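So the structure is just underneath, and the comments pick up after that.
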Amino acid sequence: MTDRYDPQTIEKKWQERWAETGLYKRVEDPNKEKWYFLTMLPYPSGDLHTGHWYAMSPSDAGARFARMQGKNVWFPIGFDAFGLPAENAAIRHNIHPYKWTMANIERMRGQLKQMGAMFDWEHEAITCLPGYYQWNQWFFLKFYDMGLAYRDKAPVEFCPNCNTTLAREQVWDGKCERCGTPIIMKELTQWKFRITKYADELLEGLDKLDWPERVKTMQRNWIGRKEGVEFEMQVQGHEGLHFRVFTTRPDTVFGMSFAILAPEHPLVQTITTPEHRAEVEAYVEEARRKTPLMRQMEAREKTGVFTGAYAINPANGQPVPIFIADYVMMDVGTGAIMGVPAHDQRDFEFARKFGLPTPIVIVPKEAWESGDEYTWSEEAARALERALEGKEGTVMVNSGPFTGLAWPESFNQVAEWLEAHAAGERKVNYRLRDWLISRQRYWGTPIPMIHCPNCGVVPVPYEDLPVLLPEDAEFKPTGESPLKYHEGFLHVTCPQCGADAHRETDTMDTFMDSSWYQYAYLSPYWKDGETLSPDDVPWDQAVGEYWLPVDQYTGGIEHATMHLLYTRFFTKVLRDMGLVDFDEPMLRLFNQGMILGPDGEKMSKSRGNVVNPDDYVQKYGADTVRAFLMFIGPWDEGGPWSPQGIEGVHRFLHRVWSLVLDEPKKQAKGEPSEKQVRNLRRATHQTLIKVTNDYENFKFNTMIAALMAFTNTLNAAKETEVYGTDAWEEAIETLLLMMAPAMPHISEELWARLGKPYSIHLQSWPQADPELAKEEEVEIAVQVNGKVRARITVSPEASKEELERLALANERVQKWIGDKPVRKVIVVPGRLVNIIAK
RNA sequence: GCCGAAGUGGCGGAAUUGGCAGACGCGACGGUCUCAAAAACCGUUGAGCAUUAGGCUCAUGUGGGUUCGAGUCCCACCUUCGGCACCA
């Protein structure tokens with residue numbers, strides 16, 4: 001008789017033992033293949049929620065599996081500890097962000113330990129500690145030295161609720177990514193990182209990465225590389241006055257029937273004629289007031305006003321009216337466009353609204369090749385119903401000397417002509433913008449810059465780092481950094497001339513912290529309290545040499561165009577600094593899906609469908625919660641939490657418990673037959689093949705299903721003569737080893753109770769024998785005219801001829817064939833026979 | 001609007017990539033145990049028809065197509081989710 005499965009006791013026991021024996025200690029072993037396995041670090045919001053469990057426990061199973069396969073796995077963890085919630089808590093509850101954050105970390109650390117993951121706590125990093133963020137400042141200075149950090153006065157996205165500017169990546173659908181408030185534009189001087197310098201490399205690097213296509217596509221779209229031509233348009237009647245337009249379609253230049261400037265375009269004031277001034281100014285004013293979200297929602301209806309001025313189309317010398325319209329934006333291209341209504345949907349809508357002509361200048365190749373002008377003007381007339389935007393297989397018409405040119409020749413020749421005659425140049429345009437780093441908040445890394453009345457912007461000398469975030473500050477959300485009102489922080493003497501100067505009071509975007517944390521983990525708080533120099537390396541280089549880069553990264557897809565883009569950028573800069581010798585920070589990426597509430601909706605307090613994992617860990621134990629989360633469905637798809645579903649998984653663990661420890665109900669006497677032994681071993685090795693393959697591909701749901709099926713098989717076999725044989729022991733051992741990565745506690749406990757050496761997590765992954773896994777006989781479906789009419793049992797090696805003979809000999813098959821002549825027999829060895837008789 | 005992913009029992013989801021649809025689990029129903037209930041265990045469970053035996057028919061969002069054979073491939077459409085969006 002044995003005691004019942006009691007997860008509370010055994011989980012606590014083993015977690016302590018693992019910690020005591022340093023089971024997950026990092027060791028740089030040159031004889032083993034290193035495997036840096038990383039899961040996105042959590043924000044210390046207060047409690048570990050189900051989403052954290054869903055992200056981290058399958059990740060842990062993946063890491064443990066890699067380890068059993070003989071890799072030297074390192075699985076570090078830390079906390080992304082700067083950020084707005086801490087500051088908001090300070091404002092609401094009058095508790096200091098530091099205290100709030102550290103208390104949360106304390107609690108979450110405990111919860112994380114209950115998960116039983118193989119985290120290496122010795123290298124934990126907390127980003128809000130000076131020993132960490134001093135390196136943010138050090139990097140900032142480095143970026144500044146390299147010309148990658150600069151100050152720029154421009155309209156920037158601003159969240160009026162969070163009271164801070166945002167990077168473009170943090171604006172989702174015109175709203176703040178954090179709080180959902182529609183953002184507004186503000187003209188501010190802000191620090192930016194020149195990520196656009198790496199646009200091409202960020203794009204090309206994607207091809208080499210073993211990342212989900214989804215993420216790669218999102219990054220490609222975000223970077224938005226477009227090849228085109230920029231050229232000059234003269235304003236009629238203003239000698240020498242011109243503006244530049246960018247187009248990806250120079251081949252349509254003869255179709256230009258108007259030009260548009262963005263309302264904010266600097267030339268608007270100059271060219272507007274007196275009789276249109278009032279109207280234009282009113283329009284500009286209105287455009288300024290609109291938030292980007294409003295502009296977006298009104299996107300359907302084209303608006304604009306005529307400036308009274310005309311520009312000359314350089315291609316044909318014709319004047320075209322210049323409008324201003326808010327569908328042209330100042331920060332895209334040159335802030336001015338040529339309007340080609342026949343071949344651009346938006347221009348088409350605009351022209352229709354303002355009654356502008358719509359000349360056709362490209363037609364499909366087939367229309368052109370028919371050779372007669374009538375056909376392609378017919379085609380053109382049809383195109384007039386709707387703008388024709390294709391470029392592959394089109395030919396230029398009504399385009400003077402260029403008429404008859406086909407894409408891509410049309411592009412090239414017009415581009416050359418514009419280069420020669422309209423100050424044109426081929427240009428690549430990107431959607432990507434430089435990364436806006438400044439935040440007007442307290443709880444972040446101070447930007448290490450000084451504003452001197454004599455010297456202008458002066459960097460803090462490296463040896464003066466870190467610029468400490470003062471502990472006392474007023475947390476009043478004013479839209480300006482709280483540091484601005486902290487006299488002790490603000491005032492400083494200029495390191496260059498000694499004059500009274502003041503510090504930069506903005507802090508850094510917290511995505512700065514996570515852009516390099518995979519390097520910080522190597523040696524957290526490296527040189528904390530020491531004097532820094534420009535020649536430093538922010539981590540122990542020897543350790544980095546061994547572990548970098550990250551081999552496997554897991555985390556949510558919501559970071560596709562934020563963190564995952566920034567950290568790639570950072571790594572490329574680090575490489576240019578000579579700190580690393582690779583181009584990409586994370587070689588493989590897996591995005592888990594989202595865990596939903598029992599109602600299938602996103603968990604949220606307002607919906608009242610939040611599942612607290614602690615309750616379930618309390619009731620069923622961590623192993624059950626882990627296994628259930630893996631069992632729900634494909635890890636990358638997520639799915640709803642099911643309170644009944646977790647019961648089923650828990651029952652499975654109980655079944656394993658009694659399978660391994662309890663005596664059979666009826667002791668079968670005598671020796672097992674050879675066949676019984678073979679069947680058992682076959683089940684063992686077939687399951688092992690399946691489970692190994694599933695772990696490798698993070699298909700945890702079918703992995704657990706296979707373990708359940710195997711357990712069911714073993715439960716039946718237990719009551720037969722095979723119980724207690726070598727084959728039986730092999731089966732039980734293999735079962736526990738296969739469970740170990742996913743359910744680390746129960747497998748360790750049962751392993752110990754079988755008298756095996758500590759620890760199961762130090763064992764090698766068992767080797768599957770494909771010979772033993774082979775089926776002895778297979779059931780073949782026999783179809784007559786595509787419908788299964790009989791089944792025959794044969795050896796898997798049975799030849800095609802034999803299968804055909806056996807199938808035709810079958811009585812039931814004969815009945816269905818009747819007297820119809822057999823026309824064809826399809827034989828798929830090992831699968832089926834299909835007899836066509838008609 | 002453009003791009004991408006998905007749509008399978010009452011539910012979560014399987015299906016070696018063109019070869020027996022529904023693995024595994026939940027739920028439901030029936031049974032064993034029990035004075036009873038819970039737990040546990042053992043059956044049954046896509047729908048319909050037929051149940052005297054063998055069975056038969058229909059089923060993977062909809063409609064077509066290719067094929068001996070389609071959840072899987074092709075075309076059109078519907079729905080859901082995600083990304084991008086006056087990006088010139």
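Reckoned from all heavy atoms, side chains included, excluding hydrogens, waters and symmetry mates. Since we're looking at a predicted model, the values are computed, not measured.
- Rounding to whole angstrom units, CE of residue A:M708 and C1' of B:rG13 are separated by 12 Å.
- Taking the C1' atom of each, B:rG54 and B:rG64 are spaced 37 Å apart, rounded to whole Å.
- You'll find that the side chain of A:P640 is closest to B:rG12, out of B:rG12, B:rG19, B:rG83.
- A gap of 27 Å separates the C1' atoms of B:rC56 and B:rG63, to the nearest Å.
- Comparing B:rA15, B:rC87, B:rC86 by their closest approach to the side chain of A:V332 singles out B:rC87.
- In this structure, A:D344 places its CG atom 13 Å from P of B:rC86, rounding to the nearest Å.
- One finds no side-chain N or O of A:R214 lying less than 4.0 angstrom from the OP1 or OP2 phosphate oxygen of B:rC3.
- Among the heavy atoms of the strands lying under 4.0 Å from A:E779 is at least one base atom, whether or not backbone atoms are also near.
- Not less than 6.0 angstrom separates the ring centroid of A:F258 from the ring centroid of A:F354.
- Base-pair partner of B:rG30: B:rC42 (Watson-Crick or G-U wobble, both distances under 3.5 Å).
- Nearer to the 5' terminus of RNA chain B, by closest-nucleotide assignment, is the contact made by A:P634 (compared with the other of A:P634 and A:A705).
- Within the nucleic acid shown, A:S642 has no heavy atom closer than 4.0 Å to any nucleic acid atom.
- In this structure, A:H343 contributes its side chain and A:V361 its backbone to a donor-acceptor pair below 3.5 Å.
- For A:F631 and A:F652, the ring centers sit 6.0 Å or farther from each other.
- For B:rA6 and B:rC75, the P atoms lie 15 Å apart once the distance is rounded to whole Å.
- Nucleic acid contact for A:I826: base, since at least one base atom lies under 4.0 Å from a heavy atom of the residue.
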For this session: For each nucleotide in nucleotides 49-57 of chain B, reading 5' to 3', give B when a protein heavy atom comes within less than 4.0 Å of its base, S when such contact involves only the sugar-phosphate, and - otherwise.
Result: -----S-SS
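- Side-chain nitrogen and oxygen atoms of A:N701 include at least one within less than 4.0 Å of the OP1 or OP2 phosphate oxygen of B:rA14.
- When both pairing distances are held under 3.5 Å, B:rC68 makes a Watson-Crick or G-U pair with B:rG19.
- For B:rU8 and B:rG83, the C1' atoms lie 26 Å apart once the distance is rounded to whole Å.
- Annotation: B:rG4 and B:rC73 have their P atoms spaced 15 Å apart (nearest Å).
- Put simply, A:K824 has a side-chain N or O that comes within less than 4.0 Å of OP1 or OP2 on B:rC68.
- A:M233 is listed as a side-chain neighbour of A:V245, based on a closest heavy-atom distance under 4.5 Å.
- Atom name P, nucleotides B:rU44 and B:rA23: the rounded distance is 12 Å, in whole Å.
- Among the atoms of the strands shown, base atoms are found under 4.0 Å from some heavy atom of A:V328.
- Taking for each of A:N715 and A:M329 the nucleotide of RNA chain B with the nearest heavy atom, the 5'-most of the two is the partner of A:N715.
- Protein atom CD of A:E637 is 7 Å distant from nucleotide atom P of B:rG13, rounded to whole Å.
- Across all strands shown, B:rG1 is found opposite B:rC84 as a Watson-Crick or G-U wobble partner, with both distances under 3.5 Å.
- Across all strands shown, B:rA53 remains unpaired; no Watson-Crick or G-U wobble contact has both distances below 3.5 Å.
- Minimum atom distance to the side chain of A:F631 is reached by B:rG25, of the listed B:rA88, B:rG19, B:rG25.
- At whole-Å resolution of the value, NZ in A:K175 and C1' in B:rA85 are 15 Å apart.
- In this structure, CG of A:N429 is placed 13 Å from P of B:rC87, rounded to the nearest angstrom.
- Using N1 to N3 plus N6-O4 or O6-N4 for Watson-Crick, or N1-O2 and O6-N3 for G-U wobble, each under 3.5 Å, B:rU60 pairs with nothing.
- For the 3.5 Å distance criterion, the side chains of A:W222 and A:E169 qualify, holding a donor opposite an acceptor.
- Centroid-to-centroid, the aromatic rings of A:W641 and A:Y616 come within less than 6.0 Å.
- Less than 6.0 angstrom separates the ring centroid of A:W635 from the ring centroid of A:F590.
- Atom CG in A:D694 sits roughly 13 Å away from atom C1' in B:rA15 (whole-Å rounding).
- The aromatic rings of A:F698 and A:F700 sit parallel to each other, their planes meeting at less than 30°, with 60° as the upper class boundary.
- Side chain A:N834 to base B:rC68: a donor-acceptor pair is found below 3.5 Å.
- Among the protein residues, A:T247 comes within range of the sugar-phosphate backbone only, with heavy atoms under 4.0 Å from sugar or phosphate atoms but none that close to a base.
- Within the 4.0 angstrom heavy-atom criterion, no nucleotide atom of any strand lies near A:E213.
- Across all strands shown, A:K690 has no heavy atoms under 4.0 Å from either base or sugar-phosphate atoms.
- Of the possible donor and acceptor atoms, one in the side chain of A:Q686 sits under 3.5 Å from a partner among the backbone N and O of A:A773.
- Side chain of A:R346, nearest nucleotide from B:rA23, B:rG25, B:rC87: B:rC87.
- Taking every side-chain heavy atom of A:R168 into account, B:rC87 is the closest of B:rA40, B:rA15, B:rC87.
- If you check every strand for non-hydrogen atoms under 4.0 Å, A:R823 touches nothing.
- No close placement of the A:F348 and A:F350 rings is indicated, their centers lying 6.0 Å or farther apart.
- Base pairing of B:rA36: no nucleotide in any strand meets the Watson-Crick or G-U wobble criterion (both distances under 3.5 Å).
- A:I835 has its CD1 atom 15 Å from the P atom of B:rG69, to the nearest Å.
- For B:rG25, one of the phosphate oxygens OP1 or OP2 lies less than 4.0 angstrom from a side-chain nitrogen or oxygen of A:N712.
- Residue A:R249 contributes atom CZ, which lies 11 Å from atom P of B:rA88 at whole-angstrom precision.
- Within the model, atoms OH of A:Y620 and OH of A:Y5 stand 12.0 Å from one another, a figure rounded to the nearest 0.5 Å.
- For A:K226 and A:Y430, the positive end is not near the middle of the six-membered ring at less than 6.0 Å and at most 45° from its axis.
- The C1' atoms of B:rG46 and B:rA59 are separated by 8 Å, rounded to the nearest whole Å.
- At the heavy-atom level, A:L832 lies under 4.0 Å from base atoms of the strands shown.
- If you check B:rU79 for Watson-Crick or wobble pairing at under 3.5 angstrom, you find it paired to B:rA6.
- In this entry B:rG25 has B:rC11 as its Watson-Crick or G-U wobble partner, both defining distances falling under 3.5 Å.
- A:M338 comes within 4.0 angstrom of nothing in the nucleic acid, heavy atoms only.
- Among the atoms of the strands shown, none is found under 4.0 Å from any heavy atom of A:K602.
- Distances shorter than 4.0 Å separate none of the side-chain N or O atoms of A:R655 from OP1 or OP2 on B:rC42.
- Side-chain N/O atoms of A:K302 include none lying less than 4.0 angstrom from OP1 or OP2 on B:rC86.
- For the P atoms, the distance from B:rC74 to B:rC3 is 16 Å, rounded to whole Å.
- Glycosidic conformation of B:rU32 is anti; the angle lies outside 90° of 0.
- Candidate nucleotides B:rC84, B:rC68, B:rC86 were compared by shortest atom distance to the side chain of A:R431, and B:rC84 ranks first.
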